[in-house]
Chemist: 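Before I ask anything, let me first share the structure, which is written out below as structure tokens.
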Amino acid sequence: MKAAVLREQNTPLEIEEVQVSKPGPREVLVRPVAAGVCHSDLHFLDGSYPYMLPTILGHESAGIVEEVGSDVTYVSKGDHVITCLSAFCGHCDKCLTGHLALCQSPEVSREADQEPRLHQNSQPIHQFLNLSSFAELMLIHEHALVKVRKDMPMDRAALIGCSTTTGVGAVFHTAKVEPGSKVAVIGCGGVGLAAINGAAIAGAGQIIAVDMVDSKLEIAKALGATHTVNASSGNVVGEIIEMTQGGCDYTFEAIGLKATAEQSFQMLGAGGTATVIGMIPVGTMVELHGVDFLAEKKIQGSNMGSNRFRIDMPRFIEFYLAGKLHLDEMISKHIKLEEVNDALEALKSGKEARHIIMFDS
Amino acid sequence: MSRLEIRSEVTGNVWKVEVAVGDHVDAEDALLILESMKMEIPVETPCAGVVSELLVKEEDAIEEGQVVVIIEADT
Ligand SMILES: NC(=O)c1ccc[n+]([C@@H]2O[C@H](COP(=O)([O-])OP(=O)(O)OC[C@H]3O[C@@H](n4cnc5c(N)ncnc54)[C@H](O)[C@@H]3O)[C@@H](O)[C@H]2O)c1
Ligand SMILES: [Zn+2]
Ligand SMILES: [Zn+2]
């Protein structure tokens, strides 16, 4: 099969011929139809997050089941699925206390001494986050996918695989935004826009979108933002404290920078909660003013929207089909696998929304 | 020869040990592969040398900043 292989950090992905292993008992072979290009892919390409190389990036996809392992009963050939990197084992402490996105059980990947899922002429290719969706086939654990209705368009479904689940989930599950509350979202890419849309569904009273690109702020308005702030204009924190008359109840950082993570805490009102979604480079420390804790301000992380994706993703599809979740606006371009480097390059400028790879059928 | 302590940048579990005591390694070689929040993260050596001590084994839980391997650096 064809795949976009990352061999060295900060070099373009190469389209190469790669082989995929046979499904093990609990594995599923999926033929992706659509795959989104997420900023997290870029963090691993540019080395702000180290990863074993060579690897095949991509982790936001929807596709069709091609073949299932001997013990798989949940899906069969021909089913439509969305993949999710939050593969869960189903029996560890995290899973059984309802925190499936935090499961770290190694059993959802192959063991170190087994044949790797992906290889090239017997040389291992490291699977990215148990998925690797910039490839014509994906061999994944059965707990890394959810079955979905067949009338859901695949390119929109792919978005649900990461950005929607991450942004909407951060609002619903991690922060549990209360109706009527004041919300700010810093960064209006695929993830931040999903958080804005989620806040609108949750019934937030004021939703302030922050970005440096005006066209992104326009999309934010279409998705439910009540106010916008262009961050290049200077004092973002001061402006938002004024707009909210004393600070936000909930803020979301959806960029992955120290400065904006600190801002997300600074713009809270008393008792407010900041949720950091962006992936801040490994080794970076975040600084907070200690006295702010007296006002019961809180800061927390969110991994993949604290999802229970087999429940959440079908619900998000219903939201889309009911016109509540605006996925059409999130897609700026459909591309071919060969154009993946252009999509990664476009993410750097922040000017465009999601690019979706469509695979030839 | 200088003794170099290799530390892990992140918290995680050792998925695979890629070297054995006595092995010669080149700069940027992966010594261990850690699994942390679904990521396969390499612990690399910054310089060439010989592995003199392996302080962890597969499935061990590692803290950020923990010394995991000792390298006797070349020159
Ligand atoms: N925690 C998780 O589970 C998880 C999951 C998915 C993505 N992420 C992370 O979320 C972040 C956002 O991902 P994305 O795909 O939406 O990215 P994106 O590149 O599509 O969007 C980022 C947006 O931030 C804006 N921006 C950049 N710098 C800014 C600044 N200083 N002030 C205001 N706006 C600024 C850009 O213009 C752009 O619109 C990334 O760090 C990504 O890795 C985390
Ligand atoms: Zn993503
Ligand atoms: Zn588990």
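This is a predicted model, so every value here is computed, not measured. No hydrogens, no waters, no symmetry mates; every other heavy atom, side chains included, goes into these values. Here is the naming used below: chain letters follow the sequence lines, and residue numbers restart at 1 for every chain.
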Chemist: Counting only heavy atoms not in B:Glu53 (residues, nucleotides, ligands), do more than 12 fall under 6.0 Å from its CD?
Modeler: yes
Chemist: Under 6.0 Å from the CD atom of A:Gln120, do we count more than 12 heavy atoms belonging to anything else shown?
Modeler: yes
Chemist: Under a 4.5 Å heavy-atom cut-off, does chain B meet the side chain of A:Leu102, its backbone, both or neither?
Modeler: both
Chemist: Provide the closest heavy-atom pair for B:Met37 versus A:Ala101 in the form atom of the first, atom of the second, distance.
Modeler: CE-O, 4.0 Å
Chemist: So which residues of residues 9-19 of chain B are in contact with chain A at a heavy-atom cut-off of under 4.5 Å?
Modeler: B:Glu9, B:Val10, B:Trp15, B:Lys16, B:Glu18
Chemist: Go through A:Gly283, A:Ser86, A:Ala87, A:Ser109 and name the one with the most non-hydrogen pairs under 4.5 angstrom from chain B.
Modeler: A:Ala87
Chemist: Can you check whether A:Asn303 reaches B:Lys38 side chain to side chain, under 4.5 Å on heavy atoms?
Modeler: no
Chemist: Who among B:Glu58, B:Glu35, B:Met39 has the most heavy-atom pairs with chain A under 4.5 Å?
Modeler: B:Met39
Chemist: Examine whether an atom of A:Phe128 lies under 4.5 Å from a heavy atom of chain B, and if so say whether it belongs to the side chain, the backbone or both; otherwise answer neither.
Modeler: neither
Chemist: Do you see a donor-acceptor pair shorter than 3.5 Å between the side chains of A:Thr55 and B:Glu40?
Modeler: no
Chemist: Do other residues, nucleotides or ligands put more than 12 heavy atoms under 6.0 Å from the NZ atom of A:Lys147?
Modeler: yes
Chemist: More than 12 heavy atoms of other residues, nucleotides or ligands under 6.0 Å from CD of A:Glu115: is that the case?
Modeler: yes
Chemist: Take a 6.0 Å sphere around CG of A:Asp113 and say whether it holds more than 12 heavy atoms from other residues, nucleotides or ligands.
Modeler: yes
